[in-house]
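Report on one structure; see the data block that follows.
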Amino acid sequence: MDTRPIGIFDSGVGGLSVLREIKKLLPQENYIFIADQKNIPYGGKTPAQIRLLTSRIIKYFIGKRVKMVVVACNTATCYAIEFLRKKYPSVTFVGTVPAIKPAARLSHNKSIAILSTPATAKSSYLKNLIRQNAIGVKIANIGCPELENLVEEGQINSPEIKTLLRKYLQKAARSKPDYIVLGCTHYPFLKTTIKRLSPFRAKLIDSGKAIARRVKYLLRTSGTENGHGASTVYFTTGDPVKFSGAASRLLKTKVRAKKLKI
Ligand code: DGL
């Protein structure tokens, strides 16, 4: 029995979509969730800034003796995980990358669309993932400005978000994809709206379940699973009232966050 918590972080509420999947698979663990909302969007920061901001969070987690850190943010993974792994070799990291590999394998048309933040869309990390995992597959790589900001407000079905989604899905439609990869952890909260608005039929795929399986596997093989946990502490570096409101709406359960100063 290893009762140490698992640390999970994102720039905002998006990471909750990953936390939700991990908790489904591992309900008897203790979790510390951090939303770095003071600094959202990470996509608007330079790679050096992202590395600095995420380092601060890792230092906090190390102080809390976490047994693992889940980077529940595609943008932070693309720009900082290699750096963090080198800087904190004693920490076990699990990153989040767009689910290009399974989508490419499952696609019948051999055509997939990837929706992500503009920063992830233009990253060389993503381009390498495509090169390695989607040979012979047509890719519509679509950066989607503003979506994560609206999800931050707890909007998942508003006129504003629908207008944006229509525009991005229209772009994706040109290559007739049969899979849409949700390459930002904020987007799984938009699944129902995306399905309703999509002008073509496609399956949606995100990374949450695969991350949860990876976390479980790592805990099992290192003998660090917990059997008596089940607590989650939520922190935000931004406004705890705002975070708690949006998180409660998105998770459909009461969330009370505390302010974190790091
Ligand atoms: N949820 C983050 C992601 O998966 C949003 C990134 C941002 O803050 O720009 O990329």
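Counting starts at 1 for both ligands and their atoms, in listed order. We count residues from 1, following the sequence as given.
By the criterion of a heavy-atom distance under 4.0 Å, both the backbone and the side chain of Asn74 are placed next to ligand 1. By the criterion of a heavy-atom distance under 4.0 Å, both the backbone and the side chain of Thr185 are placed next to ligand 1.
Under 4.0 Å is where a charged nitrogen must lie from a carboxylate oxygen, and between Glu21 and Lys24 at least one such pair does. For the pair Arg56 and Asp36, the salt-bridge criterion is not met [side-chain N within less than 4.0 Å of a carboxylate O].
Residues Ile211 and Leu218 are members of one and the same hydrophobic cluster, defined by side-chain heavy-atom contacts under 4.5 angstrom among Ile, Leu, Val, Met, Phe, Trp and Tyr.
Protein heavy atom closest to atom 9 (O) of ligand 1, with residue, atom name and distance, is Gly43 N, 2.9 Å. The protein heavy atom nearest to atom 10 (O) of ligand 1 is Thr75 OG1, 2.7 Å.
Not a single heavy atom of Ala119 lies less than 4.0 angstrom from ligand 1.
Between Tyr125 and Asn74, the side chains place no donor N or O within less than 3.5 Å of an acceptor N or O (distance only, hydrogens not considered). A donor-acceptor pair shorter than 3.5 Å can be found between the side chains of Asn149 and Glu146.
Listed by number with element, the atoms of ligand 1 under 4.0 Å from a non-hydrogen atom of Asp10 are 1 (N), 2 (C). In the vicinity of Ser11, heavy-atom distances shorter than 4.0 Å reach the ligand 1 atoms 5 (C), 6 (C), 7 (C), 8 (O). Each of the atoms 8 (O) of ligand 1 lies under 4.0 Å from some heavy atom of Ile40.
Between Phe33 and Tyr234, the angle of the ring planes lies from 30° to 60°, which puts this pair in the tilted group.
Polar contact with ligand 1: present for Tyr42 (N/O pair, distance under 3.5 Å).
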Query raised in the report: Yes or no on side chain to side chain contact (heavy atoms under 4.5 Å, CB included) for Leu147 and Leu115, after CA distance, side-chain angles and deciding distance?
Result: CA-CA 10 Å; Leu147 277 189; Leu115 307 185; 5.6 Å; no

